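These notes concern the structure reproduced below.
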Amino acid sequence: GPKVLQIPSHQIIDMGQMVTLNCDPVSNHLYFYWYKQILGQQMEFLVNFYNGKVMEKSKLFKDQFSVERPDGSYFTLKIQPTALEDSAVYFCASSLDNERLFFGHGTKLSVL
Amino acid sequence: QQQVRQSPQSLTVWEGETAILNCSYEDSTFDYFPWYHQFPGESPALLIAIRPVSNKKEDGRFTIFFNKREKKFSLHIADSQPGDSATYFCAASARGNTGKLIFGLGTTLQVQP
């Protein structure tokens, strides 16, 4: 089936540094999402993105977070600066109809 | 505060039995209730979903039962197979915002041969 690719699978950085998580969504999809999963907790919605704009962001989407999809390429989540509590698995997803979401394998972010 | 509660946390059944996974929710504006499954090393994938206009949705061996009055829904896996062993997540979202999913914690299902 359609695949969402996330790069890298694991990223280790020092607190205060900037990190960019990359997502290659399904090619004809129109809606894009980031979800965050802290170890032992449920996946939580961070943000969704459509037509070049953020549609909605949750309270977890701090001011240090930003998303973009320049020129239809990767859909990225940037965190600048990172904090210890940003350590989690970040799942990217895309959808054609904002209903059936296709998820990537996730990027495990470890902030030291 | 968890808006979507899922139980049990883990479940073991024998091959051929029916596995029953349960979820409940609080927000009455929720309008879309999918189940995702995730096999080890794989990404979560949509298995089956229901809207409140129905109280039952079937797809092969997988059936969702929905009780709007009690705000509960369950996934029944009939004739469970070892290949069904995975983590199952229920979720819910509101009308007009179906992509903003509120997930449960997941149920890890083990089907013993």
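Numbered from 1 within each chain, the chains take letters A, B, ... in sequence-line order. Just so it is clear, the model here is predicted, and its values are computed rather than measured.
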remark   = Okay, B:Pro44 and chain A: the region with an atom under 4.5 Å from a heavy atom over there is both

message = Taking the ring centre of each residue, are A:Tyr35 and A:Tyr90 less than 6.0 Å apart?
response = no

Pair A:Ser27, A:His29: side-chain N/O donor-acceptor within cut-off below 3.5 Å = no

message = Taking the ring of B:Tyr36 and the ring of B:Tyr88, is the distance between their centroids below 6.0 Å?
response = no

message = Using ring pair (Phe, Tyr, Trp, His ring centres under 6.0 Å), reason through B:Phe33 and B:Tyr25 one step at a time and then give a plain yes or no.
response = CA-CA 10 Å; B:Phe33 302 90; B:Tyr25 64 98; 4.8 Å; yes

task = Mind telling me whether B:Phe89 and B:Phe103 have parallel, tilted or perpendicular rings, with 30° and 60° as the class edges?
result = perpendicular

ask   = Who in residues 93-112 of chain A is close to chain B, using a strict under-4.5 Å heavy-atom cut-off?
value = A:Asn98, A:Glu99, A:Arg100, A:Leu101, A:Phe103, A:Gly104, A:His105

query = For the residue pair B:His76 and B:Phe62, is the inter-centroid distance of their aromatic rings smaller than 6.0 Å?
reply = no

key: Side chain / backbone / both / neither for A:Tyr31 at chain B, heavy atoms under 4.5 Å   = neither

ask   = Side chain, backbone, both or neither: which part of A:Glu56 has a non-hydrogen atom closer than 4.5 Å to chain B?
value = side chain

message = Test your reading of the model: is there a side-chain donor-acceptor pair from B:Gln38 to the backbone of B:Ala86, 3.5 Å cut-off?
response = no

